[in-house]
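Quick notes on the structure that follows.
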Amino acid sequence: LTKLWCSDNQLTSLDVSNNTALTYLQCGANQLTSLDVSGVTALTELWCGSNQLTFLDVSGATALEVLGCTNNQLTSLDVSNNTALIHLICTENLLTSLDVSNNTALDNLLCGENQLTCLNVKNGFNQNMWLFNARSNPNLTCIERSEEHTSELQSRRNLVCRLLLE
C-alpha cells in the first residue's frame, strides 16, 4: 500500500504504522481523535484536516514534504524532524507556538487562526518562502525570522501577517 484515501468516513481512529511503504495519506473530514503514522518513514504527503485531533506525532515521517492538518484541535505541533517539509498548512487549530527553524526547504507556511504567541521561521532560507500567512492570531507578539534573507515583514494584528521576500 503506497497511497490511501479514506476521507469523509466518520472514522474515529486510524493506525497506518505498519504500512511502511505508504507515501500519501488523505484522511480528512472524519472524526479522528487518534492518528498513528509512526514508522511510516516513506510518507511524503499527509492530509488530516477537519478532524478532532489534539495530538499529531509526525517525528518519524522524515520524508514528509506536505502536511495539511487544518481545522483540528492541535495545541502543539513538532515538525523539527521533518527537514524535507515544503508545505505546512496548520490553520484553525489551538497552537500557541510554532517552530519551523529546522525546515529549510519550507516555501509555504499557513498558520493562521490559532492562538500563536510566538512563531519561529528563522531557518536561514526565508528567501524560499513564497506564501506565509499567520492572520487571526490575536496574541502573536513574536515572529523570529532570518534577517539576512528578509526584505520586509508586514504584520497587521488580527488581519494579515505576510512575509514579503525578494
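This is a predicted model, so every value here is computed, not measured.
- By the side chain to side chain donor-acceptor pair (under 3.5 Å) test, Asp78 is found to be paired with Ser80, residues two or more places apart in sequence or in another chain being considered.
- Applying the side chain to side chain donor-acceptor pair (under 3.5 Å) definition to pairs two or more places apart or across chains, those involving residues 31-43 are Asp36-Ser38.
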Name every donor-acceptor pair, under 3.5 Å, that has one atom in a side chain of residues 57-66 and the other anywhere in the protein, sequence neighbours excluded.
from	atom 1	to	atom 2	distance (Å)
Asp57	OD1	Ser59	N	3.0
Asp57	OD1	Ser59	OG	2.6

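- Of the possible donor and acceptor atoms, one in the side chain of Asn137 sits under 3.5 Å from a partner among the backbone N and O of Asn114.
- The CG atom of Asn108 sits 4.5 Å away from atom CG of Leu131, with the distance rounded to the nearest 0.5 Å.
- Partners of Ser7 according to the side chain to side chain donor-acceptor pair (under 3.5 Å) rule, which considers only residues two or more places apart in sequence or in another chain, are Gln26.
- Leu67 and Ile86 fall into different hydrophobic clusters, where Ile, Leu, Val, Met, Phe, Trp and Tyr are joined by side-chain heavy atoms under 4.5 Å apart, directly or via other members.
- In this structure, CH2 in Trp47 is found 12.0 Å from CG in Leu25, a value given to the nearest 0.5 Å.
- Taking CH2 of Trp5 as the reference point, atom SG of Cys27 lies at 12.5 Å (rounded to 0.5 Å).
- Residues passing the side chain to side chain contact (heavy atoms under 4.5 Å, CB included) test with Glu92 are Asn71, Glu113, sequence neighbours excluded.
- Relative ring orientation between Trp130 and His87 is described as perpendicular, the plane-to-plane angle rising above 60° on a 0-90° scale split at 30° and 60°.
- Partner Leu22 forms a side chain to side chain contact (heavy atoms under 4.5 Å, CB included) with one of Leu43, Val37, Thr2, Thr44 and no other, that one being Leu43.
- Across all non-hydrogen atoms, the minimal contact from Ala105 to Ala84 is CB-O, 4.2 Å.
- Between Gln73 and Leu94, the shortest heavy-atom distance links the atoms O-CD1, 4.0 Å.
- Two residues are said to be in side-chain contact when any heavy atoms from C-beta on lie closer than 4.5 Å; Leu88 and Leu98 meet this criterion.
- With hydrogens and angles disregarded, a donor-acceptor distance shorter than 3.5 Å links the side chain of Asn72 to the backbone of Asn51.
- With sequence neighbours left out, Glu45 forms a salt bridge (charged side-chain N to carboxylate O under 4.0 Å, His left out) with no residue at all.
- Here the closest non-hydrogen pair linking Asn30 and Gln10 is OD1-N, 3.0 Å.
- Atom OG1 of Thr20 is separated from atom CG of Leu1 by 10.0 Å, given to the nearest 0.5 angstrom.
- Between Thr104 and Thr83, the closest side-chain pair of non-hydrogen atoms is not below 4.5 Å.
- In terms of heavy atoms, Leu140 sits closest to Ala134 at CD2-CB, 4.1 Å.
- When each of Leu95, Thr91, Leu119 is paired with Cys111, the side chain to side chain contact (heavy atoms under 4.5 Å, CB included) condition holds for Leu119 and for no other.
- The shortest distance between side-chain heavy atoms of Leu74 and Cys90 does not fall below 4.5 Å.
- Expressed to the nearest 0.5 Å, how far CG of Leu116 lies from OG of Ser136 amounts to 11.0 Å.
- The distance from atom CD1 of Ile89 to atom CG of Asn133, rounded to the nearest 0.5 Å, is 11.5 Å.
- Side-chain contact between Leu56 and Cys48 is present, with at least one heavy-atom pair separated by less than 4.5 Å.
- Scanning for side chain to side chain contact (heavy atoms under 4.5 Å, CB included) contacts around Asn103 gives Val79, Asn82, Leu85, Val100, Leu106, with sequence neighbours left out.
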